[in-house]
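Note sheet for the following structure.
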Amino acid sequence: MRVLAFLDGSLADPEAAHLRVDDLGLLRGDGVFETILVAVKKPREMRPHLDRLARSAAMLDLPAPDLDGFARAAQAVVDAWQGGPEIALKLVYTRGVDGDPEGKPTAFAMGLEVDEKVLRARTEGVSAVTMERGFGPELAERAPWLLLGAKTVSYAMNMAALREAARRGAQDVIFTATDDSVLEGPTSTVVLAKERTLYTPPSTVGILPGTTQYALFRGAEKAGWSVKVEPLSVEDLLRGDGVFLTSSVRKVTRVHTLNGTELPDSTALHEELVAAYESEY
Ligand code: PLP
């Protein structure tokens, strides 16, 4: 099932054509997006997602998005949804048609079914490999035009990394910087659990600030965990009590194997962290 809505709240046929072939989102990957999990008709972390959409748009010098319009479109999708219990809700915002004198962005919301593979990863966990991203942790600040940490629609590199992981017999990727510090997954934030403390790298190293990680840390703190945002090495991941990849649709996913090494069994920790995350719903 798919549902498509525009910012005025109107619905449209998701199987019909609506974008022009000269849309810069298509021609140059020049646009931004969000993916939000809707569970039992309620979008999770809606405000942080809208704020992050505005932040990404600002990084690309796009006009400030109409966040009320996006909220309206999102609600229209949720109201019209007749599919499964969860929706992967995408908000998309591109620079619009090439050469448009008004520079009107393209904007819409679309609801999709949650992928089977994602549902399996939630319960079974994943094996991951580290792969280099080719930049140092200081580059984001020095070179803002690289858009590190913006959620742009140019995810071709992220998808290529996942295919390379599959060739190496793994299901997911943890990107590393040139100093071997941990960055993020192609579609997730890295969280390490060690001695009742949760760690994640700071977004200043050029990664996307994760809404799921943030909600998890909030919930975990209430449940008595300490939380720290600080640089992590691959060695830290191997020596911890558990490594997790967090993202909106996948929620909190356990990494059971890293670079071919089986990590300590974190099944019980995973259950605890899922409960902490769900307590924030
Ligand atoms: N990092 C990247 C590159 C992502 O694409 C995503 C989400 O898809 C995340 C992190 C996790 O963000 P969130 O938890 O807000 O979904």
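Position 1 is the first residue of the sequence, and the numbers go up from there. Everything numeric here is computed off the predicted structure, so don't read it as measured data. Order of appearance sets the numbers: ligands from 1, and atoms from 1 within every ligand.
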Next on the checklist: I'd like the residue list for ligand 1, meaning every protein residue with a non-hydrogen atom under 4.0 Å from the ligand.
Outcome noted: H49, R52, K151, Y155, E184, G185, P186, T187, S188, T189, L208, G210, T211, T212, T246, S247, S248

Checklist entry - Has the side chain of S56 got a donor or acceptor atom that lies under 3.5 Å from a matching backbone atom of L53? => result no

Checklist entry - Linking Ile, Leu, Val, Met, Phe, Trp and Tyr through side-chain heavy atoms less than 4.5 Å apart, which residues share a cluster with V21? => result none

N/O donor to acceptor pairs below 3.5 angstrom from side-chain atoms of residues 137-146, sequence neighbours left out:
from, atom 1, to, atom 2, distance (Å)
E138, OE2, R142, NH2, 2.9

Item to check | Over 12 non-hydrogen atoms of neighbours within 6.0 angstrom of OH in Y214 | outcome: no

Only distances under 3.5 Å count here; give the side-chain donor-acceptor pairs of residues 73-81 to other protein atoms, sequence neighbours excluded, each with its distance to 0.1 Å.
from, atom 1, to, atom 2, distance (Å)
Q75, NE2, D79, OD1, 2.9
W81, NE1, G84, O, 2.8

Item to check | Among F70, F6, F108, F33, ring pair (Phe, Tyr, Trp, His ring centres under 6.0 Å) partner for Y93 | outcome: F70

